[in-house]
There are 2 protein chains.
Amino acid sequence: MEGPSFKEQQFKVRENLIVDAANQLLADKGFDLMTMDDVAAAVGVSKGILYKHFPSKESLAAAAMVRVLRGALGAIEALPPEMSAVEKLKAALRWTLESRLAGGLPLLPSGSASLQTSLMTSMEYVGAIFRMNGVVTGLVEQAVRAGDLRGDIPAEVMVHSIYSRTCDPALDFLRRGGRYADADLVAHLVSIAFDGLTARS
Amino acid sequence: MEGPSFKEQQFKVRENLIVDAANQLLADKGFDLMTMDDVAAAVGVSKGILYKHFPSKESLAAAAMVRVLRGALGAIEALPPEMSAVEKLKAALRWTLESRLAGGLPLLPSGSASLQTSLMTSMEYVGAIFRMNGVVTGLVEQAVRAGDLRGDIPAEVMVHSIYSRTCDPALDFLRRGGRYADADLVAHLVSIAFDGLTARS
DNA sequence: GTCTATATGTGGATAGAC
DNA sequence: GTCTATCCACATATAGAC
């Protein structure tokens, strides 16, 4: 009837710290440039420890991606039910952009073949991706039926356009310039994504 | 009164082939994953030769980027003068997306610090970037004055949003799915970039 | 379990023969 | 100028002491 032992709890806590550090480094440098030494140094442990938790760099990155995906899903599901589908989509995009500005959002998988295969063979990752895709696609279709999103473009194309806005490089670039407040930047990018660049008649 | 010798011409021709191959590989795998062995194998020469032409991997990538930037500038300047500014911007975006589909457009610089510094210390690269930025910014401002682009968003933000659309990951992803003709895909993405996802009233 | 030290592979860059 | 062979640094992953 006992819970997990103290050591097991410590192990879990440390694993979380490792994923935290990986998350940060992935957001900062991307998968290719992040090294296991970086992660170890950030956590303050030896490199060998990392391999007691994760069998490879790829699986560590996968764990970080899974945690982010679950967080994003939770953020979407926590939105008030009375909110319209299109407003939920805008809120979701806003959430991811704010998370990126806060510094904790890993970038999209690099072209690394080993990472790709590792992700695609991870049940947790493909499951999270699958669920996320279902939720977003559902929202888009709902918004189209409500007449809030365009009906002349396939839903799948709109879904992937929204995904790509979450990692819009313009965000980092404009933030570096330092000429805009973070909140304004997010508002601008969300507005451009949904309302476009063209002046409304 | 003689032109360049035969060997000098050969040298230039080979250099072009090298940049071609680098271009292709950069578009395919990105800077981090492209190796000098890849380039050498693609050209069909030994690796050492590459260093007779370019002192480093970074400078080779910079040369590829410069050529692309000049090509893009040329494409913009070749547009008919009677075309409106906003139509020119759309045409430019269309041109880059089509170039990417054709397989020959290097992706944006990876986070690699050495590449960044190498690019920023290359007079040719910063010059090309500077000119490109001037042309695009000028077109955006012109389109705003004409009432074709939104006036409630800073021009700089719109400029960088257009840049980021040229490397929209949705293009590769949707093409992989194979459900859409290339031309439709380009048209959809250009339309989403300028007209947005929201239904027009 | 945690560390130090090391094995192993890879990729950028160079040396030397021709 | 072009090749082959090599150096060197670095990163993943592992072995072994404690």
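Just so we're on the same page: letters track the sequence lines, and every chain starts at 1. Everything numeric in this text was worked out from a predicted model, so none of it was measured.
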Report the distance from atom [atom1] of [X] to atom [atom2] of [N], rounded to the nearest whole Å.
| X | N | atom1 | atom2 | value |
| --- | --- | --- | --- | --- |
| L60(A) | dA11(D) | CG | P | 16 Å |
| D38(B) | dG11(C) | CG | P | 8 Å |
| E15(A) | dG1(C) | CD | P | 13 Å |
| K57(A) | dA11(D) | NZ | P | 9 Å |
| Y51(B) | dG1(D) | OH | P | 18 Å |
| D37(A) | dT12(D) | CG | P | 7 Å |
| F6(B) | dG1(D) | CZ | P | 14 Å |
| L25(A) | dA11(D) | CG | P | 13 Å |

Original post:
Could you write nucleotides 2-9 of chain C as a row of B, S and -, 5' to 3', where a protein heavy atom under 4.0 Å of any base atom gives B, of only sugar-phosphate atoms gives S, and otherwise -?
Top reply: BBB-----

**OP:** Assess the side chains of R165(B) and S164(A): does a donor N or O sit below 3.5 Å from an acceptor N or O?
**Re:** no

Subject >> Modelled atom types, side-chain donor and acceptor of N133(A) and Y163(A), under 3.5 Å >> reply: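 Looking only at side-chain atoms, Y163(A) and N133(A) do form a donor-acceptor pair, the distance falling under 3.5 Å.
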
**OP:** Give me the one residue out of D148(A), L139(A), V140(A) that meets side chain to side chain contact (heavy atoms under 4.5 Å, CB included) with V86(A).
**Re:**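 Only match with V86(A) under side chain to side chain contact (heavy atoms under 4.5 Å, CB included): D148(A).
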
**OP:** State whether the side chain of R179(A) and the backbone N or O of L174(A) hold a donor-acceptor pair below 3.5 Å, judged by distance alone.
**Re:**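 Not at all, since once roles are kept as given, no pair shorter than 3.5 Å links the two residues.
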
**OP:** Give me the ring orientation class for H53(B) and F11(B): parallel if the planes are under 30° apart, tilted from 30 to 60°, perpendicular past 60°.
**Re:** parallel

Original post:
Counting heavy atoms not belonging to R200(A), are there more than 12 under 6.0 Å from its CZ?
Top reply: yes

